[in-house]
Amino acid sequence: MIASAPVFVGASMRVSRLLLVTLRDDPAEAEITSHKLLLRAGYIRRISSGIYAYLPLLWRVLQKISTIVRQEMDATGALETLLPQLQPADLWQRSGRWAGYTDGEGIMFHLTDRQGRELGLGPTHEEVITTLAAELLRSYRQLPVNLYQIQTKFRDEIRPRFGLMRGREFIMKDAYSFHADEDSLRQTYAAMDQAYRRIFQRCGLRAVAVEADSGAIGGSASQEFMVTAEAGEDLILTSADGCYAANQERAVSLPPAAVPLPGGSRAAGAGEQLSTPNQSTIEQLCSAHGFDASQLVKVLLLLARFADGLRQPLLVSLRGDQQLNEVKLANAVSAQLATEHGALLSIDPLTADLVRSEKLPLDLGAISFGYLGPDLADAVLAHDPTSQAGAAGGAALPGTPPIRLVRSFLRLADSTAAGLEAFVCGGNASDSHRVGASWKGLALRPEPLDLRAAQSGDRCLHDPDQCLQSARGIEVGHIFQLGRKYSEALDARFTNESGVDEALWMGCYGIGVSRLAQAAVEQHHDRDGICWPVAIAPYEVIVVIANTQETVQVELAEALYGELSAAGLEVLLDDRAERAGVKFKDADLIGIPWRVVVGRGAAAGQVELVCRAGGAKRELDASAVREVLELEIGRGRMGDGLGT
RNA sequence: CGGGGCGUAGCGCAGCUUGGUAGCGCACCACUUUGGGGUAGUGGGGGUCGCAGGUUCAAAUCCUGUCGCUCCGACCA
């Protein structure tokens, strides 16, 4: 481990001057515990949806997290910088992301200045940094370089949620590395992986690194860091031996073996008709005819929307006992069509509602939902209810490309379905299924793809004796190997050893600083309030005067306050003329790791020392307090557990 | 954007069905009381009932519109 200076924000404080406003009731706006506690304990106030004021206590927490992040980044040789938040549209137009980030459901806040120039408020900084890199990086001799900043990001989230967890304005550490070759990128990526593990460990968080989908940002390898907590928005799957961990979006596993269909294929693989009135679900079919779900092929009808206006109907086959992984599907569809038709905008079930809202020239009347087979004919897409004189497409909104509907299916099959010798599937007509169908008999040759969602309980690929376990996680960090996507788009090139110009290799590495603060609360609290890990607590110790009318107590507490502060500890002195109970409740709520109670024993020089996490108490002589706390807090500052 | 819920004092809520001069708890201020786990009492301050329009002698309450917030699905640190 790299030796780091202790995190110290400094400045001790009297609670009477702290602007501490705590609430007794849970505010109605909060849903999850960490959000309620941050509001009740006076750490944050909501200003607007997804926009929060960080009150003085939280600001100290954020500064401490930032300090840890900064120390660990600096230790890897990364350079801190600060990039503009206001970014010109043309930068984003050059990378091709302006339209996607501002139109429709775009996530970027944007505006026009008084000269009529368009600007965006940075949701991320790939464009700015890559432009800078293009200007500054000329030679392989300057590489590699890793630049980072800790700054407010702006994202017009579709649905802000859970306080700081998903805000529209939030603090993020983002780093971008530049390399002469892929190997150098891999080295920095690995260094970031290690730095991230140290950061979360030093913050006192239980975090797990998982394989991740690289999503819209693109690139090859990517890994997320998850703080495990019930309130997490992501599902992560891990093996008990710790060798495998992945976001469910990405996770792979061995599917359970299928139960062979008795009788195998029938009618030369065309299947025998079975009357199945009102049995349009897997459950109904299985219970009515004694099938196992793994003997069925279910077929999903979906529509993919592309940026160039293309609308591609999809017919996806899955084994009946499996669930679709939409991220894998989107990746598979993109891989086939995105180079030609631009970004994949969405994949939705192809329903009457969608036909109406998308104004598709399509009549779904010929399709028997609930009874689809993988061989559903393209002819069902032929009927155009709006066609007069061969009109080809629906009405386009001004400024968007005209909609072009493909009248044939893109047929995709998960390997579990494609691998079945004989199966039950829909008859492509109401109230009928086919038993003993085979791919050959249906005249289909599906390419086996991985489209299924791995589940808790599935066997692992790396060791079939291990099963996947699930947990919920909060994504606090994400590292990517971007490759050359942005450098090529923005023409960021350098001269290599052979004197030839080539595009820079890039990586990017994010940590949600404000999200991390709330994730810490989600992971470290009890019935009475927050239990901050020492390393990120706003103050390390709180000296409570049980009764401010007792001069002996006041004097001893003041003396301790001075001594502990002078010793370099961050101390709160609760000098309020409140009853002891009120001050204990507040101390528990705001979650200061150590509490020194100066009360009845003061006359004899005795005080009580209480550890917030766990509540362990001990009586000791006031003269011994400093030494004990220096030891305990010194350990806690380095991320050694919770300071217990 | 689709679908539910909610806007009344700083916070949590009642009042609305059945229109008639705006209430409760917490918090805040003063005094008294209490003084090791949100003490008790007395008195006090604070609200254009989200906003706009309409119905009515009269609207927090009924009608229309609008804005905001929040929860369930697609985005991501």
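If you're wondering where the values come from, they're calculated on a predicted model, not measured in any experiment. Numbers restart at 1 for each chain; the letters A, B, ... are given by sequence-line order, proteins then strands.
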According to a strict under-4.0 Å criterion, is A:Ser49 in side-chain N/O contact with OP1 or OP2 of B:rU70?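 So the side-chain polar atoms of A:Ser49 do come within 4.0 Å of the phosphate oxygens OP1 or OP2 of B:rU70, strictly under.
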Report yes if a side-chain nitrogen or oxygen of A:Ser48 is closer than 4.0 Å to either non-bridging phosphate oxygen (OP1 or OP2) of B:rG68; otherwise report no.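 For B:rG68, OP1/OP2 do not have a side-chain N/O of A:Ser48 under 4.0 Å.
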Figure out the CD1/P separation between A:Ile51 and B:rC69, and round it to whole Å.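 Taking atom P of B:rC69 as the reference, CD1 of A:Ile51 is at 9 Å.
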From the set [options], return the single nucleotide nearest to any side-chain atom of [X].
| X | options | result |
| --- | --- | --- |
| A:Glu29 | B:rU70, B:rC72, B:rC76 | B:rU70 |
| A:Arg159 | B:rU70, B:rG73, B:rA77 | B:rG73 |
| A:Ala28 | B:rC13, B:rG10, B:rA74 | B:rC13 |
| A:Phe162 | B:rC69, B:rC71, B:rA77 | B:rC71 |

Can you name the side-chain contact (heavy atoms from CB on, under 4.5 Å) partners of A:Val628, sequence neighbours left out?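 Partners of A:Val628 under the side-chain contact (heavy atoms from CB on, under 4.5 Å) test: A:Leu609, A:Arg618, A:Leu620, A:Glu632.
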Got a list of side-chain donor-acceptor pairs under 3.5 Å for residues 571-582 of chain A, not counting sequence neighbours?
{"residue": "A:Asp574", "atom": "OD1", "partner": "A:Arg576", "partner atom": "N", "Å": "3.3"}
{"residue": "A:Asp574", "atom": "OD1", "partner": "A:Arg576", "partner atom": "NE", "Å": "2.9"}
{"residue": "A:Asp574", "atom": "OD2", "partner": "A:Arg576", "partner atom": "NH2", "Å": "3.0"}
{"residue": "A:Asp575", "atom": "OD1", "partner": "A:Ser16", "partner atom": "N", "Å": "3.1"}
{"residue": "A:Asp575", "atom": "OD1", "partner": "A:Ser16", "partner atom": "OG", "Å": "3.0"}
{"residue": "A:Asp575", "atom": "OD2", "partner": "A:Ser16", "partner atom": "OG", "Å": "2.8"}
{"residue": "A:Arg576", "atom": "NH1", "partner": "A:Asp586", "partner atom": "OD2", "Å": "3.2"}
{"residue": "A:Arg576", "atom": "NH2", "partner": "A:Asp586", "partner atom": "OD2", "Å": "3.0"}

Would the A:Tyr539 and A:Trp594 ring centres measure less than 6.0 Å apart?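 Between A:Trp594 and A:Tyr539, which both carry aromatic rings, the centre distance is not below 6.0 Å.
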Less than 6.0 angstrom from the centroid, inside 45 degrees of the normal: does A:Arg595 satisfy that with respect to the ring of A:Phe584?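 Satisfied, under 6.0 Å and within 45°.
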Would you mind pulling out the nucleotide paired to [N], Watson-Crick or G-U wobble, both distances under 3.5 Å?
| N | result |
| --- | --- |
| B:rU17 | none |
| B:rG7 | B:rC67 |
| B:rU42 | B:rA30 |

Polar-atom pairs under 3.5 Å, protein N or O versus N or O of nucleotides 33-40 of chain B: list them with distances, or write none.
{"residue": "B:rU34", "atom": "O2'", "partner": "A:Arg579", "partner atom": "NH1", "Å": "3.1"}
{"residue": "B:rU34", "atom": "O2", "partner": "A:Arg579", "partner atom": "NH1", "Å": "2.6"}
{"residue": "B:rG35", "atom": "O2'", "partner": "A:Asn547", "partner atom": "ND2", "Å": "2.5"}
{"residue": "B:rG35", "atom": "N7", "partner": "A:Gln549", "partner atom": "OE1", "Å": "3.4"}
{"residue": "B:rG35", "atom": "O6", "partner": "A:Gln549", "partner atom": "OE1", "Å": "2.6"}
{"residue": "B:rG35", "atom": "O6", "partner": "A:Gln549", "partner atom": "NE2", "Å": "2.1"}
{"residue": "B:rG35", "atom": "N1", "partner": "A:Gln549", "partner atom": "OE1", "Å": "3.1"}
{"residue": "B:rG35", "atom": "N1", "partner": "A:Gln549", "partner atom": "NE2", "Å": "3.2"}
{"residue": "B:rG36", "atom": "O2'", "partner": "A:Arg600", "partner atom": "NH2", "Å": "2.9"}
{"residue": "B:rG36", "atom": "O6", "partner": "A:Gly599", "partner atom": "N", "Å": "3.2"}
{"residue": "B:rG36", "atom": "O6", "partner": "A:Arg600", "partner atom": "N", "Å": "2.8"}
{"residue": "B:rG36", "atom": "N2", "partner": "A:Glu608", "partner atom": "OE1", "Å": "2.5"}
{"residue": "B:rG36", "atom": "N2", "partner": "A:Glu608", "partner atom": "OE2", "Å": "3.3"}
{"residue": "B:rG37", "atom": "O6", "partner": "A:Arg595", "partner atom": "NH2", "Å": "2.6"}
{"residue": "B:rG37", "atom": "N1", "partner": "A:Asp588", "partner atom": "OD2", "Å": "3.0"}
{"residue": "B:rG37", "atom": "N2", "partner": "A:Asp588", "partner atom": "OD2", "Å": "2.3"}
{"residue": "B:rG38", "atom": "O2'", "partner": "A:Arg24", "partner atom": "NH1", "Å": "2.4"}
{"residue": "B:rG38", "atom": "O2'", "partner": "A:Arg24", "partner atom": "NH2", "Å": "3.0"}
{"residue": "B:rG38", "atom": "O6", "partner": "A:Arg40", "partner atom": "NH2", "Å": "3.3"}
{"residue": "B:rG38", "atom": "N1", "partner": "A:Asp586", "partner atom": "OD1", "Å": "3.3"}
{"residue": "B:rG38", "atom": "N2", "partner": "A:Asp586", "partner atom": "OD1", "Å": "3.3"}
{"residue": "B:rU39", "atom": "OP2", "partner": "A:Arg579", "partner atom": "NE", "Å": "3.3"}
{"residue": "B:rU39", "atom": "O4'", "partner": "A:Arg579", "partner atom": "NE", "Å": "3.4"}

With A:Val596, which of A:Ile542, A:Val610, A:Val543 fulfils side chain to side chain contact (heavy atoms under 4.5 Å, CB included)?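 Passing option: A:Val543.
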